[in-house]
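To keep things clear, I will list the structure first and then write my remarks on it.
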Amino acid sequence: MNTPSSTPANNATPWKHVWITGASSGLGEYTARLLAQQGCTVSISARRIEQLEAISKDFENVHAYPADVTDAAAVKAAAQAAEADHGPIDLALFSAGAWFPGSLRDMRVENFAKTIDVNLMGVVYGMDAVLPQMLERGSGHISWISSVAGYVGLPNSAAYSASKSALISLAESVHGELQKKGIAVSVINPGFVRTQLTDKNKFPMPFLMEPEPAAEKIVAGLKRKKFEIAFPWQMVLILKTLRILPYWLSLALIKRLA
Ligand SMILES: NC(=O)c1ccc[n+]([C@@H]2O[C@H](COP(=O)([O-])OP(=O)(O)OC[C@H]3O[C@@H](n4cnc5c(N)ncnc54)[C@H](OP(=O)(O)O)[C@@H]3O)[C@@H](O)[C@H]2O)c1
């Protein structure tokens with residue numbers, strides 16, 4: 001893996017302490033490494049303890065707080081421990097995600113439930129763990145990784161698209177209220193990025209990106225406090241266009257993707 005070097009390079013970020021869930025691999029891991037390299041203290045959470053420890057061994061300023069994001073108490077305990085050790089969390093990035101590819105013929109209700117639990121409720125539990133302190137301080141930044149699959153309901157992706165569109169709605173819903181209280185909200189909508197999550201895909205993935213440039217786009221957008229950070233532009237354009245077309249046309253086009 002090509003990962004950023006282990007020595008903090010500069011203090012170019014607006015955050016002292018960042019907490020990232022889903023940081024044991026993929027976008028969460030790459031973003032954690034990049035922010036650590038830029039000088040932030042980064043607290044990382046996920047279930048795979050060995051992966052978290054391997055990442056934290058590479059940096060003095062990365063610390064592991066294992067948690068399953070479907071366990072509200074464990075998520076809160078991880079955030080509390082991170083704040084007790086390293087001070088207030090300035091930026092929370094919720095990256096944990098689950099994806100079970102398959103058509104409705106193969107649908108398993110337990111996978112549907114797990115997708116909603118990890119992708120949606122995992123973010124809600126994360127918010128619950130950091131928002132009270134941010135509201136008290138009147139500052140902070142919360143963010144989560146949704147997907148371009150949340151713009152429209154994609155074929156063979158019922159649970160995933162449903163969970164990701166809920167995350168976009170969640171961001172739209174809380175943005176106004178939190179902005180008034182000094183808290184920024186960002187929703188990150190990537191297209192296909194090469195990670196363990198997409199390694200299981202057997203279909204062609206147009207405009208597939210590598211995780212390093214994806215993490216760079218995420219960090220650059222967060223620094224600008226952008227409400228939406230979406231890439232690559234080609235996937236964003238195609239799927240946002242489908243979203244604004246009338247249903248008779250968009251559903252016909254989406255059917256052809258199936
Ligand atoms: N790759 C893409 O093309 C793409 C595109 C759009 C959006 N996304 C989103 O980006 C996010 C990151 O995915 P990725 O592509 O980087 O895949 P990934 O490498 O598989 O990372 C997923 C992360 O989620 C964590 N996770 C899963 N279930 C968890 C649970 N119950 N509790 C705590 N952590 C859990 C995993 O850690 P443990 O297994 O150690 O718990 C892992 O760190 C996801 O939300 C995904 O939906 C990815």
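Counting starts at 1 for both ligands and their atoms, in listed order. Here the structure is a predicted model, which means the values were calculated and not measured.
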Per-atom contacts, ligand 1 versus Gly97 - under 4.0 Å to a heavy atom: 22 (C), 24 (O), 27 (C), 44 (C), 45 (O)
Can you figure out which of Tyr30, Phe94, Trp144, Tyr160 has its heavy atom closest to atom 47 (O) of ligand 1? Tyr160
Tyr151 ring centre to Lys164 NZ or CZ under 6.0 Å, with the angle to the axis within 45°? no
Where the closest heavy atom to atom 11 (C) of ligand 1 is concerned, which of Ala215, Pro66, Ser95, Ala23 has it? Ser95
Compute the minimum heavy-atom distance from Lys114 to ligand 1 and say whether it is under 4.0 Å. no
Looking only at non-hydrogen atoms, which of Gly126, Ala74, Ser24, Ala78 approaches atom 40 (O) of ligand 1 most closely? Ser24
Using the side chain to side chain contact (heavy atoms under 4.5 Å, CB included) rule, take Gln196 and Ser25 through it: C-alpha gap first, then chi angles, then the decisive distance, then the call. CA-CA 7 Å; Gln196 292 174 8; Ser25 62; 3.5 Å; yes
Are Phe94 and Trp19 close enough, and set up right, to give a ring-ring contact (aromatic ring centres under 6.0 Å, His included), and what steps lead you there? CA-CA 8 Å; Phe94 306 126; Trp19 177 42; 5.7 Å; yes
Atom indices of ligand 1 within 4.0 angstrom of Val193 heavy atoms, with elements: 1 (N), 2 (C), 3 (O)
Proximal atoms of ligand 1 relative to Gln196 (non-hydrogen, under 4.0 Å): 19 (O), 20 (O)
Taking N or O atoms only and a 3.5 Å limit, does Ala98 qualify as a polar contact for ligand 1? no
Taking non-hydrogen atoms only, is Ala149 closer than 4.0 angstrom to ligand 1 via side chain, backbone, both or neither? neither
Determine, using heavy atoms of Gly191 and all atoms of ligand 1, whether some pair is separated by less than 4.0 Å. yes
Take Leu93 and Ile188 through the side chain to side chain contact (heavy atoms under 4.5 Å, CB included) test and state the conclusion after the steps. CA-CA 10 Å; Leu93 168 62; Ile188 299 151; 3.6 Å; yes
Just to be sure I read this right, does ligand 1 sit under 4.0 Å from the backbone of Leu27, its side chain, both, or neither, counting only heavy atoms? both
Part of Thr198 within contact of ligand 1 (heavy atoms, under 4.0 Å): side chain
So is Val69 polar-close to ligand 1, meaning N/O to N/O under 3.5 Å? yes
How does Glu29 reach ligand 1, if at all, at less than 4.0 Å between non-hydrogen atoms: by side chain, backbone, both, or neither? neither
For atom 21 (O) of ligand 1, what's the nearest protein heavy atom and its distance? Ser25 OG, 3.4 Å
At a 4.0 Å cut-off, with the gap strictly under it, does some heavy atom of Val118 reach an atom of ligand 1? yes
Under 4.0 Å from any heavy atom of Ala67, which atoms of ligand 1 are there? 32 (N), 33 (C)
Could you list the atoms of ligand 1 found under 4.0 angstrom from a heavy atom of Phe192? 3 (O)
Against heavy atoms of Ser147, which atoms of ligand 1 measure under 4.0 Å? 6 (C), 7 (C)
Between Asn119 and ligand 1, is there a nitrogen or oxygen pair with a distance under 3.5 Å? no
Aromatic rings His175 and Phe227: how do their planes relate, parallel, tilted or perpendicular, breaks at 30° and 60°? perpendicular
Interfacing atoms of ligand 1 (cut-off 4.0 Å, heavy-atom, Gly26): 16 (O), 19 (O)
Does Ser146 have a heavy atom less than 4.0 Å from any atom of ligand 1? yes
